[in-house]
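This report refers to the structure that appears directly beneath it.
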Amino acid sequence: METTGRSYSRHMEDEYEKFIRRMNPPRVVIDNESCKNATIIQVDSANKHGILLEVVQVLTDLNFIVTKAYISSDGGWFMDVFNVTDPEGNKITDEGILDYIQKVLGSETSFTTSIKSVGSDRTVIELIGTDRPGLLSEVCAVLTHLKCNVLNAEVWTHNTRAAFIVQVTDDESGLAVTEPDRLSVIKQMLSNVLKGSNKAREAKTVVSHGAIHTERRLHQMMLEDRDYERNNSDSGLSEPEPQRPDVNVVNWYDKDCSVVTIRCKDRPKLLFDTICTLTDLEYVVFHGHVDTEGPKAYQEYCIRHIDGSPVKSEAERQRVIQCIEAAIERRVSEGLKLELCTTDRVGLLSDVTRIFRENSLQVTRAEVTTRGGKAVNTFYVRDASGYPVDSKIIDSIRKEIGQTILKVKLNPRDSDQSSQESPTRFLFGGLFKSKSFCNFGLIRSYS
């Protein structure tokens, strides 16, 4: 009886949220005049849990670069202001894109309809397991053997773990694979590949046909897999230790909330990665400020758990820090960037990744897309032994695949500039940039 009552209560809350949203539809203002270097997008809407991530997801899927943001969602109303540019640093002036922003962010229902969501016309395969050299090649070889054509795929590796989302169709009909027996065989063979010789960590294979957002789902998969826990004994891989993001969490005594501060190297989609993780950890951001200054990014958030409480213990504080660090690191592209563009064909990905494996290259991240019959693939590779990639090996691979088909792209190096503090005024007056918070009486005891 109690369960029925709770379900009815949640249903009524959902209906009330829908009613409020219909009565107060989102208001979107796009301003190309007030700021010299960016387009300003302001979104005002009735508040609900997850709405910030929905808005950021729309901007991220359009490949916008967020240079500044102000977030306020305290109480029943949500107001966000974003300064955005295109990837080249220009204002957004395309009328079609501006109309799309107005249409999607001004929707009375939900912002979650995305240009990057996966439809139901293909089979979606989710894989997660221990990373090792040649793993992507083995997965692709199995799919080719089972007569599956890879349309799109995204692969992330972090902390000795690898997560895949692969979209496939039947290589003859071009339709989603739906036969239960065949799906069972696909799942079993891929599970065997993932398990390999490592019995210490679990491997998971999931086959589905529902609509998902690939990058959001990858974050969820790796969070559920607890990739944020540091354990270097899982694998024989020699992974260089990257420069860690500077993440801190303190309790703001007077406001009964927790303040998260993040300082790290700036990169595209950084805001999405941090907001996605806070949302999946069931925290609500009710105030925040984001700023970029040269190669550095600064983010400050006031958060509470969805039950209204701040961070309650040192263990919880450490978990939030580790999860945010992992979210930032997952998309950091270590290794040499290779881009492949050619006419798509069945088995192409299997052939390319086999050549990488035969030349002792390990894929640390990959994005595979098919557009109008063209395969447009990006790989980040490094030597399987941990050493820098030999240019002679790359030359040999390019000759085998085709020098006009496979190209080397230079990765921007980490800036050697000193980490001088940005003079920008932050939401909290720069207070939380200090290395020591004790002097301000902000720390709440976790005892």
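Screening residues 314-367 for ring pair (Phe, Tyr, Trp, His ring centres under 6.0 Å) gives F356-F379 as the qualifying pairs, with residues at least two apart or on separate chains.
When the side-chain hydrogen bond (donor to acceptor under 3.5 Å, both in side chains) test is applied to Q188, the partners found at least two apart in sequence or on another chain are N192. Among residues two or more places apart in sequence or in another chain, the salt bridge (charged side-chain N to carboxylate O under 4.0 Å, His left out) test is passed with R398 by none. Annotation: side chain to side chain contact (heavy atoms under 4.5 Å, CB included) contacts of S137 (sequence neighbours excluded): T353, R354, R357. Not counting sequence neighbours, the partners of I306 by the side chain to side chain contact (heavy atoms under 4.5 Å, CB included) test are H49, E282, V284. Take L175 and apply the side chain to side chain contact (heavy atoms under 4.5 Å, CB included) test, not counting sequence neighbours, and it matches S173. Partners of D225 under the side-chain hydrogen bond (donor to acceptor under 3.5 Å, both in side chains) rule, at least two apart in sequence or in another chain, are R161, R201. With sequence neighbours excluded, no residue forms a salt bridge (charged side-chain N to carboxylate O under 4.0 Å, His left out) with E400. For R216, the salt bridge (charged side-chain N to carboxylate O under 4.0 Å, His left out) partners are D280, not counting sequence neighbours. Scanning for salt bridge (charged side-chain N to carboxylate O under 4.0 Å, His left out) contacts around D307 gives K312, with sequence neighbours left out. D171 pairs by the side-chain hydrogen bond (donor to acceptor under 3.5 Å, both in side chains) definition with nothing, not counting sequence neighbours. Legend: residues meeting ring-ring contact (aromatic ring centres under 6.0 Å, His included) with F82, ordered by chain and number and at least two apart, are absent.
The closest donor-acceptor contact from the side chain of S309 to the backbone of H305 lies at 3.5 Å or more, if one exists at all. In this structure, N359 contributes its side chain and L361 its backbone to no donor-acceptor pair below 3.5 Å. With hydrogens and angles disregarded, a donor-acceptor distance shorter than 3.5 Å links the side chain of N47 to the backbone of S73. Here the side chain of K91 pairs a donor or acceptor atom with the backbone of C35 at under 3.5 angstrom.
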So T274 and I328, side chain to side chain contact (heavy atoms under 4.5 Å, CB included) or not? Walk me through it.
CA-CA 7 Å; T274 54; I328 295 171; 4.0 Å; yes

Between Y301 and Q299, is the side chain to side chain contact (heavy atoms under 4.5 Å, CB included) condition met? List the steps.
CA-CA 7 Å; Y301 303 113; Q299 300 181 11; 2.6 Å; yes

What's the verdict on side chain to side chain contact (heavy atoms under 4.5 Å, CB included) for E154 and L218, showing C-alpha distance, side-chain angles and the deciding distance?
CA-CA 9 Å; E154 191 139 355; L218 282 167; 3.7 Å; yes

Just do the side chain to side chain contact (heavy atoms under 4.5 Å, CB included) check on N377 and E339 with the steps written out, would you?
CA-CA 6 Å; N377 304 341; E339 287 189 356; over 6 Å; no

Step by step, would you call E329 with R244 a salt bridge (charged side-chain N to carboxylate O under 4.0 Å, His left out)?
CA-CA 8 Å; E329 291 171 352; R244 305 291 295 280; 2.7 Å; yes

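When side chains are defined from C-beta on, R122 counts as touching N152, because their heavy atoms get closer than 4.5 Å. Within the 4.5 Å cutoff, the side chain of I397 has heavy atoms near those of the L406 side chain. At least one side-chain heavy atom of C148 sits under 4.5 Å from a side-chain heavy atom of I186. Put simply, the side chain of Y100 does not reach to within 4.5 Å of the side chain of Q102, judged on heavy atoms. The side-chain heavy atoms of L52 and I71, taken from C-beta on, include a pair separated by under 4.5 Å. Using a 4.5 Å cut-off on side-chain heavy atoms (C-beta onward), D390 and D383 make no contact. Using a 4.5 Å cut-off on side-chain heavy atoms (C-beta onward), R330 and D273 make no contact. V29 places none of its side-chain heavy atoms less than 4.5 Å from the side chain of D44.
Interatomic distance, K392 NZ to S396 OG, rounded to the nearest 0.5 Å: 11.5 Å. Considering CD of Q42 and CE of M79, their distance stands at 5.5 Å, rounded to 0.5 Å. Expressed to the nearest 0.5 Å, how far CD1 of I40 lies from CG of N83 amounts to 5.0 Å.
Considering all non-hydrogen atoms of both residues, S258 and V311 come closest at OG-N, 2.8 Å. Considering all non-hydrogen atoms of both residues, V150 and L143 come closest at CG2-CD1, 3.9 Å. Residues V28 and I41 come closest through the heavy atom pair CG1-CG2, 4.4 Å. Between T157 and M222 the shortest heavy-atom distance is C-CE, 4.4 Å. The two atoms that bring T123 and V177 nearest to each other are OG1-N, 2.8 Å, heavy atoms only.
Using modelled atom types, one finds a donor on one side chain and an acceptor on the other under 3.5 Å when comparing T39 with N32. In the model, N248 has a side-chain atom that pairs as donor or acceptor with a side-chain atom of R317 under 3.5 Å. Remark: the N159 side chain and the E229 side chain contain no N/O donor-acceptor pair separated by less than 3.5 Å. For the residue pair Q318 / E314, a side-chain donor-acceptor distance below 3.5 Å is found, with atom types taken as modelled. At a cut-off of 3.5 Å, with distance as the only test, a side-chain donor of H213 or D61 sits close to an acceptor on the other residue.
Both the sub-6.0 Å distance and the 45° axial angle are satisfied by R304 relative to the ring of F286.
Exactly one of I65, I101, I92, T67 qualifies for a side-chain contact (heavy atoms from CB on, under 4.5 Å) with V84. That residue is I92.
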